[in-house]
Structures are given as C-alpha cells and as structure tokens.
Trainee: 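After the structure tokens below, expect a handful of questions from me.
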Amino acid sequence: MVNRIVTGAHYGLRDWLAQRVTAAVMAVYVSAVAGWALLQPALGYDVWTELFSGNMMRSFSLLFLLSLFYHAWIGVRDIVMDYVKPASVRLLIHVSVILALILYVIWAVQILWGL
Amino acid sequence: MVVEKDMNKTRPKHLALHKIKLPLAGYVSILHRVSGAILFLALPLLLAMLDQSLRSIETFTNLAEYLDHALVKLALIGMLWAFLHHFFAGLRYLAIDLHLLHGLSGARASSRWVLAVSLALTVVMGVKLW
C-alpha cells in the first residue's frame, strides 16, 4: 500500500509525461529563437521588439513560459522530496513555489502584451 | 524475517560525498539537477530582463549598460552554462526515453558529449558576450 502524502508526488505517469512534453515544447521554442537570433546581422531594440510585436510570437512565448513554469514545478518538487524531510517545511516550500510560479504567469502575460 | 528487519535497521548509510565516485552519467545527472535549481532561482531576474528589454528603448539601453558590468557578465555566463547543460542533458534524457541510446557505451559517450558541448558553447558564447 502506497503511503499517499499531500507533499508527495502524484504517483502516476502524468507529471513524468508532463515534464517531457514541456521539455519538448521548450526545446523547439528555444531552438527557433536561437536560430532567428543567429540570422540577425545585429540585435538591437528595433529587431527585438519587432520579434515580439505579433500575437503569434506572444502566444508561443507564453506557451513556452507556461511550459517552463510547469516543468520547474515538477523539478523543484522532485528536489524538495529528495532533500527536505519534515512535511511542514516541504509544504511551506511547495506553497511558496506554487504561488511564485502563479505570479510569474501573471507577470509573463503583462510583459508579453505590454500591460 | 526478524533478522532481515534488524539488518535493515543497522544498514550503514554511505553518505561521505567526497568518497563517492560517480560514473560520468552520474555527474551529468547531478549537474542537471543543480543547473535546474539555478535556472529556477534565476527566473525572476530573467523575467525582469525580458520586461526591461521590451518596455522601451530607454529601459533596453539601461539594461544593456547594466549587463555590461564584469561581475554581471560573469553571472550571465554562469547562467548560460546552467541553461546549456540543462538543455543538452535534457535532450539526452529524452533520447534515452525514446530508446535512442543503448547500453553502457551509449550512456558514457552521450554523457561526454553533453558535458563537452555545453562547456564548449558556454566558452564560445561567453567570449562573444565579453
């Protein structure tokens, strides 16, 4: 019988798979942006803001950041599960990390859509 | 059963980290974890940089000036390594999950590649950044 605790993993394939799917999304996005950057003769403010001016690029950037945040959550949770034993401290770290990541989501939307 | 239980209780823990000799793939693995932690902690800084770079020409120029300091550049190069190592070690794990790497030789060779490529790219991009 698995001892299910609130600060543990979700005992399933979901997070494992999510970590890999988000990784693939990020790898494609980063490769695309890196390729774009290599093709630019000079990287100034104009070219940079031009890249982020369309809704398409903003949406894919947000998709990248959401993948990153979810990926980071699984990674941080794995690290905490390995090194932090007291459930109370674990819970505190988990809640802090989740709240921080939710704030990053809001911030990311504001940054990308120039709010 | 009883004997087994007692053995479990007295089983020694070998946690003398300086005495543990990891295989190459073990170093790639722990560095993947370390670089991931670094990148997570750097997230607010990276988001702030994206924010400043897009907000206006003034904030863009300010950011560029700030990032020109030697210590900041060193930190950036450190983060660059963390990103590159995490990226290539991550691709290696995806390759393993897809059964593209086989056996001990495959594990060793790919570990060597991950360490070498991420370090080499850090040097190349670091020199360019400097």
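The chains referred to below are lettered A, B, ... by the order of the sequence lines, with proteins before strands, and numbering in each begins at 1.
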Trainee: Do the side chain of B/R92 and the main chain of B/F88 share a donor and acceptor less than 3.5 angstrom apart?
Mentor: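 Such a contact is absent between B/R92 side chain and B/F88 backbone.
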Trainee: Quick check on the structure: residues of residues 49-66 of chain A within a heavy-atom distance below 4.5 Å of chain B, by number.
Mentor: A/T49, A/F52, A/L65
Trainee: Please classify the contact of B/H32 with chain A as side chain, backbone, both or neither, using a heavy-atom distance under 4.5 Å.
Mentor: neither
Trainee: Short question: side chain of B/H86, backbone of B/L31 - any donor-acceptor pair under 3.5 Å?
Mentor: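 Not confirmed, B/H86 side chain does not pair with B/L31 backbone.
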Trainee: Do you know which two heavy atoms are closest between A/A18 and A/Y70, and how far apart they sit?
Mentor: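 Minimum heavy-atom separation between A/A18 and A/Y70: CB-CE2, 3.7 Å.
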Trainee: Can you check whether B/F87 reaches B/S35 side chain to side chain, under 4.5 Å on heavy atoms?
Mentor: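 No; the side chains remain at least 4.5 Å from each other.
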Trainee: Considering only heavy atoms, which portion of B/L39 lies under 4.5 Å from any heavy atom of chain A: side chain, backbone, both, or neither?
Mentor: neither
Trainee: Is a side-chain donor or acceptor of A/R90 paired with a backbone partner of A/M81 at a separation under 3.5 angstrom?
Mentor: yes
Trainee: Give a yes or no on whether the backbone of B/S118 and the side-chain of B/H85 come within a donor-acceptor separation of less than 3.5 Å.
Mentor: no
Trainee: Is it the side chain or the backbone of B/I57 that comes within 4.5 Å of chain A heavy atoms, both, or neither?
Mentor: both
Trainee: How would you list all residue pairs meeting salt bridge (charged side-chain N to carboxylate O under 4.0 Å, His left out) that involve residues 67-89 of chain B, not counting sequence neighbours?
Mentor: B/D68-B/K73
Trainee: Could you go through A/H94 and A/W73, starting from their C-alpha distance and side-chain angles, then the distance that decides it, and tell me whether this counts as side-chain contact (heavy atoms from CB on, under 4.5 Å)?
Mentor: CA-CA 9 Å; A/H94 282 190; A/W73 158 243; 3.8 Å; yes
Trainee: Starting from the C-alpha separation in whole Å, work towards a yes-or-no answer on side-chain contact (heavy atoms from CB on, under 4.5 Å) for A/R20 and A/D15.
Mentor: CA-CA 9 Å; A/R20 274 130 189 98; A/D15 283 352; over 6 Å; no
Trainee: So which bits of residues 102-109 of chain A come within less than 4.5 Å of chain B, counting non-hydrogen atoms only?
Mentor: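 Listed by number: A/Y104, A/W107.
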Trainee: Could you check if a side-chain atom of B/Q52 sits within less than 4.5 angstrom of a side-chain atom of B/N62, using non-hydrogen atoms only?
Mentor: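 No, their side chains stay 4.5 Å or more apart.
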Trainee: Heavy-atom distances under 4.5 Å only: say whether B/F83 touches chain A with side chain, backbone, both or neither.
Mentor: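 The side chain, not the backbone.
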Trainee: Going by salt bridge (charged side-chain N to carboxylate O under 4.0 Å, His left out), name the residues that satisfy it together with B/R33, two or more places apart in sequence or in a different chain.
Mentor: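 B/R33 satisfies salt bridge (charged side-chain N to carboxylate O under 4.0 Å, His left out) with A/D82 once adjacent residues are dropped.
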Trainee: What part of B/S53 gets within 4.5 angstrom of chain A, counting heavy atoms only: side chain, backbone, both, or neither?
Mentor: both
Trainee: A/V76 pairs by side chain to side chain contact (heavy atoms under 4.5 Å, CB included) with which of A/V80, A/D78, A/I74, A/I79?
Mentor: A/V80
